[in-house]
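Contents: one structure, followed by commentary.
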Number of protein chains: 2
Amino acid sequence: MLKKTNGPTLVDVAREAGVSLKTASRALNDDPGIAPATAKKVRTVMSRLGYRPNELARGLKGRKSAAIGMVVPNLADPFSASAVQAVQEVARKNGHVVVLTSSGGDELLEREELETLVRRQVDGLIIAPADGRTSTVDSFISANIPVVSFDRPISNSNIDSITVTNRDSVREATEHLLSHGYRRILAIGARPHLYTGSERVAGYVSTMKRAHLKKETYLVENESDLDPEVIQKLLKKGPGKLDAILTLNGITTMLVLRVLRQLGKRVGSDIALISFDDFELAEILTPSLTVVRQPAAELGRRAAELLFTRMQSKKPFPRQEIVLSTTFHIRESCGCTQNI
Amino acid sequence: MLKKTNGPTLVDVAREAGVSLKTASRALNDDPGIAPATAKKVRTVMSRLGYRPNELARGLKGRKSAAIGMVVPNLADPFSASAVQAVQEVARKNGHVVVLTSSGGDELLEREELETLVRRQVDGLIIAPADGRTSTVDSFISANIPVVSFDRPISNSNIDSITVTNRDSVREATEHLLSHGYRRILAIGARPHLYTGSERVAGYVSTMKRAHLKKETYLVENESDLDPEVIQKLLKKGPGKLDAILTLNGITTMLVLRVLRQLGKRVGSDIALISFDDFELAEILTPSLTVVRQPAAELGRRAAELLFTRMQSKKPFPRQEIVLSTTFHIRESCGCTQNI
DNA sequence: GATTTGTTAGACAACGTTGTCTTATGTGAG
DNA sequence: CTCACATAAGACAACGTTGTCTAACAAATC
């Protein structure tokens, strides 16, 4: 068989430099116990041959891969994208690389991806779990890999989590709508089986309750994959006129805006709207969109930092549950008139 | 020293099943030359022990990592994000994993990242090169790794590339503006040192020339990191009134829209605008934005497919230069009135 | 001058897996 | 009954690196 032509190895370097394999290794790693002159000589040979250490071999020997794995539902989602970018930056600073996979929100696929990552010996994992149940990851705890859950916590586990104030943020938004005098408010777009979804709905419901509104006026529409027609119907029927809409995630905001436009409803005047999740152009819209913005990059950064702390710490420390605040950007769509 | 408690290895499986290491390996890989009964016995032990193959060791032995590397300027950019998502999907179908890094458009960092990836023995690379010169990657050709360049070609090399019709797309947009009767058109946001930038400007300039417009009326503003004030000045001064703006990338579109809003200029009526790059909310804006949309996901998918074809092909084949079409979405900001 | 100490270098095994080659076992042909 | 032959299983080395232990040698101590 033809030997695959690969780059030079440490053995080649050692031979060429007239030293032993181990000495070459020492030069490579700035190990102590090597004469500066020898080290220099070896390094010269290395650059002459264009030697590149094989990280696979290193990882195998050292039982670490210098890689962390990250699983998100969908990378094309700007929220995930920002987070991943931040994670990647932190990873680089720590000399690690990010192996990225997406689960499509599918629990089965998520399991597979996690399995793949663990087999690749990643040193740590950051997951935005498709499901909040512990089942998916518990088998990996046995693999002794530090895991940080991101965007959603994993219940009944002692896995670190980084989340945002979903409930309180929606509460704030709802209160703002109430303060405008709106009473018939539709909360739409939650996936109630997800942590984020149920928290956001809870924020809405509790606020409406506290305002002593009759239960019949709570309007919650769960499915997030609503097709336009469903939304259209919702807007038309409803028990009485709808005052305001609270969209509980970015995709829903898009859908709702599109339908409102088709119906000729003017946002801000005909009907108020607050969006959970910000958009690049939200400020430019007429009317500009009032939004709850999640600190996506910060979330990613903190998740990665926590993960590395966990990875580097000799002693175990208690589960961390970090909750970051969202920011509320009052613009025009909520009924406020903006003074620029 | 305390031995790191790791999961079971093939040796453990073999011992437990009462077979040799090699036989266990055969059971794992469905190798021929093993009795079905033996294979079943071994596999039972595997799942009982929760055995997970170590991909690092496999990679080292087989001289392949089952990973591809991808380098993009900035992952938070929706264009990159969509492409990465698509790449990841193709990679999974091919049993590979994606190691993702971002260069921040910095050539030096890009080099470092590439080096890291090659050291990790990735089986292939997809790059959106920060610079179109060959220097950055030529050292990796020696590493015999298939490379596909993405969004921008690498000149003077025989590296495959996937790009879009930058020049023709801008030509189409420019012609559309001219057909509205606009003559004083500002093309803004190109980074002329990048392939995409120079191509887009070339599309603009050649179209203006062909329309026999005087050279003084060409208005090209290069820097993409324009701060708002610069844009503001451009809009105010200029030799005569500005008819239209052609923004040559998404970030610039954002900036320009914001400034126009501040100046109280109404897009579509006061001044026309076409954006290279689409936005999620572009359709919802008033006026809705006429845009050139790049098929980001398709670009990523094709890049990955080409890469895998290259990786799997025994015989080398000629350099591929795939050029995908953009789509032109005529909405309102160009001066057209949309009939919904 | 013999012994200790410290420095530098090398030999060898190991990480977990698979490729190559060999050996054991049974099966059918002559 | 012997030989060839397929089938199944094992022994051993190898992938490229680093950890452990030992060897060589010079300098320093007594």
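Protein chains get the first letters and strands the later ones, always in sequence-line order, with residue 1 at the start of each. Computed over heavy atoms, backbone and side chain alike; hydrogens, waters and symmetry mates excluded.
Judged by distance alone, the side chain of Ser65(A) and the main-chain N or O of Gln121(A) form a donor-acceptor pair under 3.5 Å.
The side chain of Thr9(B) sits closest to dT17(C) out of dT17(C), dT18(D), dA8(D). Residue Asn54(A) has its side chain nearest to dG16(D) when only dT8(C), dA11(D), dG16(D) are considered. Here dA9(C) is the nucleotide among dA9(C), dG16(C), dT17(C) with the atom lying nearest to any side-chain atom of Thr38(A). Which of dT17(C), dG10(C), dT18(D) sits closest to the side chain of Arg58(A) comes down to dT18(D). Checking dG10(D), dC15(C), dG16(D) against every side-chain atom of Ala57(A), the shortest atom distance belongs to dG16(D). With distances taken from any side-chain atom of Lys22(A) to the nucleotides dG16(C), dT18(C), dG19(D), the minimum falls on dG19(D).
Contact annotation: side chain of Arg63(B) to base of dG16(D), donor-acceptor pair absent below 3.5 Å.
Between the P atom of dG16(D) and the NZ atom of Lys64(A) lies a distance of 19 Å, rounded to the nearest Å. Rounded to an integer number of Å, the gap from CG of Leu60(A) to C1' of dA14(C) is 9 Å. The distance from atom CG of Asp31(A) to atom C1' of dT20(D) is 13 Å, rounded to the nearest whole Å. Whole-Å rounding puts the Asp30(A) CG to dT18(D) C1' distance at 15 Å. Counting to the nearest Å, the C1' atom of dG19(D) and the CG atom of Leu21(A) are 12 Å from each other. Rounded to whole angstrom, the span from the NZ atom of Lys61(A) across to the P atom of dA14(D) amounts to 18 Å. Taking atom CG of residue Leu10(A) and atom C1' of nucleotide dG10(C), one finds them 14 Å apart after rounding to whole Å. Atom pair Arg26(B):CZ and dT18(C):C1' shows a separation of 10 Å (rounding to whole Å applied).
Dashed line: the shortest gap from a side-chain N or O of Asn29(B) to OP1 or OP2 of dT18(C) is under 4.0 Å. Not one side-chain nitrogen or oxygen of Ser25(A) sits closer than 4.0 Å to the OP1 or OP2 atom of dT17(D). When the side-chain nitrogen and oxygen atoms of Ser20(A) are compared with OP1 and OP2 of dA9(C), none of them lie within a distance under 4.0 Å.
Ionic pairing of Arg92(A) and Glu112(B) is not present here: no N-O contact between side-chain nitrogen and carboxylate oxygen is shorter than 4.0 angstrom. A salt bridge is absent between Glu115(A) and Arg111(A): the closest approach of a Lys/Arg side-chain nitrogen to an acidic carboxylate oxygen does not fall below 4.0 angstrom. One finds a salt bridge joining Arg301(B) and Glu305(B) here, because a Lys/Arg side-chain nitrogen approaches an Asp/Glu carboxylate oxygen to under 4.0 Å.
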*For Glu113(B) and Ser103(B), run side-chain hydrogen bond (donor to acceptor under 3.5 Å, both in side chains): C-alpha distance rounded to whole Å, both residues' side-chain angles, the deciding distance at 0.1 Å, then the answer.*
CA-CA 7 Å; Glu113(B) 294 294 355; Ser103(B) 64; over 6 Å; no
